[in-house]
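As structure tokens, the structure follows; a few thoughts come after it.
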Amino acid sequence: MTTLFDPDAASGTPLIVHDGPDADQRGARGNGSLLDGLNPEQREAVEFRGSALLIVAGAGSGKTRVLTHRIASLIGGREAWPSQILAITFTNKAAAEMRERVEQLLGQASDGMWISTFHSACVRILRREAEKAGLAGTFTIYDSADVRNVLKRIIKELDADTLGFTPAGVSNRISKLKNELADADSYARNANLDDPQEVMFLEIFRQYTRRLRAASALDFDDLISETVFLFRSFPDVAALYQRRFRHVLVDEYQDTNHAQYSLIRELTRPVAPDLAEQMETAGMHVRSLQDASGGIPGASLTVVGDSDQSIYAFRGADIRNIVEFERDYPGAKVVLLEQNYRSTQNILSAANAVISNNFDRKDKKLWTAVGDGDKITGYTGYSGHDEAQFIADEIEALHGAGVAYRDIAVFYRTNAQTRALEEIFVRSAVPYRVVGGTKFYERAEIKDAIAYLIAVANPVDELALRRILNTPKRGIGPATETQLASFAETNGITFREAMRDAGSLGLGPKVTTAILQLAGMLDEAAAKLEPSNPAGVSGVSEVLGFLLEQSALLETLRSSRDPQDETRAENVEELLAQTKDFMRENPDAGLVDFLTQVSLVAAADELDDSSGTVSLMTLHTAKGLEYDSVFLTGIEEGLLPHQMSAGEPGGPAEERRLFYVGITRARKRLYLSLAMTRAQFGETSVAMPSRYLQEIPGELIDWRQSPGMANSRGGTQPRALNARRDGYGSRGGFGGQGELSPAPRPKAEWPNRVTAQVRDNGDLTLTAGDRIRHADFGEGRVTQVTGEGTKRVAHVQFDRSGAKKLLIKIAPIEKL
DNA sequence: ACACTTATATTTTTT
DNA sequence: ATATAAGTGT
């Protein structure tokens, strides 16, 4: 028998493990079978043993495979216990998948392994070390809406709006600072205190910090930064985790911000000899980990990333983290994965061509062994709806040809673009699901129900209490709310305590009863969770059921005459069902765990692989996913690249990466679509093709309707225009035959600089029967006019060129 | 305090 | 266009 121990902190006690058949079996598995089917680079990445490893993994190069095999090989080769592994993924869904795949490879469960997102891991640490961190273990996590709520109140109280402060703006600024590990005090040290704007911002920041603390709440950014601060302030606490996690693996490293970078640095720091000795004395068994000096060496670090897929600079992601990895970790090994196992060569060639326009990057070319595949399909709609109709029709065609709906995805830059798509999809009966967007947990009725639970779990959370105070309506208005707040303030008690003491506020009897009833309900619910409760401990769903019943929240929605409330009631019922699922899947978890899980769901976590629907999502959400058929929509100037990115330094480059990410999601078929006009704020405006479209070699795209055709500057016949512009056109994305293939192709006729020359016919009005002359098609007769305003379309029968649809506002036509 | 009407901003991306 | 905010009247 060998005495080994798994320093798994879950139980806090070392385990004695016997050498036996089990161990032999694990050893016998060896690494041989784990390396099967890997290419030499992947193999190298799996097998490398050393303190730091950077895997530069191009899109679709099998990085998840490498990561899972690496973890499995560490555990299977008995180099590490599952509990010594910490793997950070981008979404909870990716984490679950990774765990499953590791266990599949090992053929055994691997309890104790931490595979989670940055935020989940930090919450876990903070709840565990709450006392040291100066927090209640039941702290609430505020999402962006909660944060804005708090800020709104502060700004109002300080009259800061007169200085131009908005909740969203301040929230952004605070978030940026926290991502840099700054707090109000450190900011104050460098602030220009002669600037009233700065002074006000500082005051808001201070108040905000104070209120969150008073409510025992943390925002998303705090989760990371507070963990870093905890580790820095308490080396002994940090040492617990430094000792435990011997292998730290981080996925999507290009999207880490400074705080996350620092967290990884702290976790992979060595433990000093004296601290290690203290731990040994405390019975923590560090002997087997100690090096010659008596300290515990830093954990091995593996990071995986691709700077070409860095798309989160706006939330503080710092591309330098990956670019300068070798400088940060001297002696780091770098492995490059360039072979792509996902897409066809045509798709990869397009992706390579686009991304090569970003100059400050290491050249990297994806390649595949699977062959060219289909061409990319292009389509230019007259409007967003026309574009959506094309997509719906094409999806139906694909489906008819045997492609499952779930293998099809539609991507867009902004959430607002879902509207046109949804309208058409509903009409065309295409089964679809919007991933992210207005997320389930962000709906008002769900936040209300959750607020009841938060009020029970974390009684000092004033925000949650204020939210439910008059939801559903119980006659407690803003005036009463303010009175309660100031009563709490003057007496130095919490809002909740003030509610319990409502009787001494001298309010009307009706209001007083209402408040006391609510407070009593919450206390009663809390009692149900007490372990000492003689009636036994209730689970999350019982408590929620009790609260919904007592507050009549559900009943109010059901009996409302607003037709939308019916759906809201169903949503609340869905939440109740979710609590039951949660209890079944996590028998040991409690209310706080449920609330944590709810707070940390990512958009992509909502994806259900088994659902037979088309998935709609933003390009950001699409990162890390792949589909057989991908529709990339709204490839227009102002949308991709987005208008707002124009001012940002590096904005257009990041937008290009976003386009690149979208392209590389497709396995077999890629569709690029855009519209000539786009509705925005209810106004319709003319849209121009994106500059990025021209970066794709023309011969890769098969235009069903090119931008040139859509504004009728093209035609169905080759024209002299093409030859004339060949100097530009053959290189660009649309005119392109390439210098080597002189034969003109009918479908490639977009004049090179069409983006710069869009005509405006103003309010030219046409009616059926009018004769017109078109610059290319000659004379014809209008047969019909459809559409409204700027997107009026004339259907014209040309004398020589046949029937065409023309966008009246921008077509090169004149009335005769 | 609540229901109704009118004004206004909203759309960049997200844990 | 739509959703929320603010304003007005009961």
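- A:His642 and A:Phe314 have their aromatic ring centers separated by at least 6.0 angstrom.
- Heavy atoms of A:Ile476 sit under 4.0 angstrom from primed sugar atoms or phosphate atoms, though from no base atom.
- Which of B:dT13, B:dT10, B:dC2 sits closest to the side chain of A:Thr414 comes down to B:dT13.
- The interatomic distance linking A:Glu423 (CD) with C:dT2 (C1') rounds to 12 Å, in whole Å.
- Atom CG in A:Leu658 sits roughly 9 Å away from atom C1' in B:dT12 (whole-Å rounding).
- Using modelled atom types, no side-chain atom of A:Glu445 and backbone atom of A:Ala569 make a donor-acceptor pair closer than 3.5 Å.
- When the nearest nucleotides of DNA chain B are assigned to A:Asn470 and A:Leu600 by heavy-atom distance, the more 5′-ward of the two goes with A:Asn470.
- When distances are taken from the side chain of A:Arg315 to each of B:dT11, B:dT15, B:dT13, the shortest belongs to B:dT15.
- Taking atom CZ on A:Phe440 and atom C1' on B:dT15, their separation rounds to 19 Å, with Å as the unit.
- One finds a side-chain N or O of A:Lys152 lying less than 4.0 angstrom from the OP1 or OP2 phosphate oxygen of C:dA5.
- Between B:dT14 and A:Ser144, no contact under 4.0 Å exists linking OP1 or OP2 to a side-chain N or O.
- The interatomic distance linking A:Gln597 (CD) with B:dT15 (P) rounds to 14 Å, in whole Å.
- Centre separation under 5.5 Å together with a plane angle under 30° holds for the ring of A:Phe314 and the six-membered base ring of B:dT13, marking them as stacked.
- The A:Ala479 side chain lies nearest to B:dA1 when the options are B:dT12, B:dT10, B:dA1.
- For the 3.5 Å distance criterion, the side chains of A:Asp448 and A:Thr471 fail to qualify, holding no donor opposite an acceptor.
- Ring pair A:Phe425/A:Tyr432 is perpendicular by interplanar angle, where above 60° counts as perpendicular and below 30° as parallel.
- Put simply, CD on A:Gln680 is 14 Å from P on C:dA1, counting in whole angstrom units.
- Separation of the P atoms belonging to B:dT13 and C:dT4 is 16 Å when rounded to the nearest angstrom.
- Between A:Phe594 and A:Phe582, the ring planes are perpendicular. Angles over 60° get that label, and only those under 30° would be called parallel.
- Using a 4.0 Å heavy-atom criterion, one finds that A:Ser645 contacts no nucleic acid atom at all.
- Along DNA chain B, the nucleotide nearest A:His642 and the nucleotide nearest A:Pro478 are compared for position; the residue whose nucleotide lies closer to the 5' end is A:Pro478.
- Listed candidates were B:dT11, B:dT12, B:dT15. Nearest to the side chain of A:Met644 is B:dT12.
- Residue A:Thr91 has no polar side-chain atom (N or O) positioned under 4.0 Å from OP1 or OP2 of B:dT15.
- The interatomic distance linking A:Asp221 (CG) with B:dT14 (P) rounds to 15 Å, in whole Å.
- The side chain of A:Lys473 lies closest to B:dC2, out of B:dT15, B:dT13, B:dC2.
- At the heavy-atom level, A:Asn415 lies under 4.0 Å from the strands shown only through sugar-phosphate atoms.
- Of the side-chain N and O atoms in A:Asn257, none sit less than 4.0 angstrom from OP1 or OP2 of B:dT15.
- Remark: side-chain polar atoms of A:Asn92 are paired, donor with acceptor, to backbone N or O of A:Leu600 under 3.5 angstrom.
- Considering only the side chain of A:Tyr312, B:dT14 comes nearest among B:dT14, B:dT11, B:dA3.
- A close approach under 4.0 Å does occur between a side-chain nitrogen or oxygen of A:Thr618 and OP1 or OP2 of B:dT14.
- One can place CG of A:Asp219 at 15 Å from P of B:dT15, the figure rounded to the nearest angstrom.
- Computed from coordinates, the A:Arg148 CZ to C:dT4 P distance equals 12 Å when rounded to whole Å.
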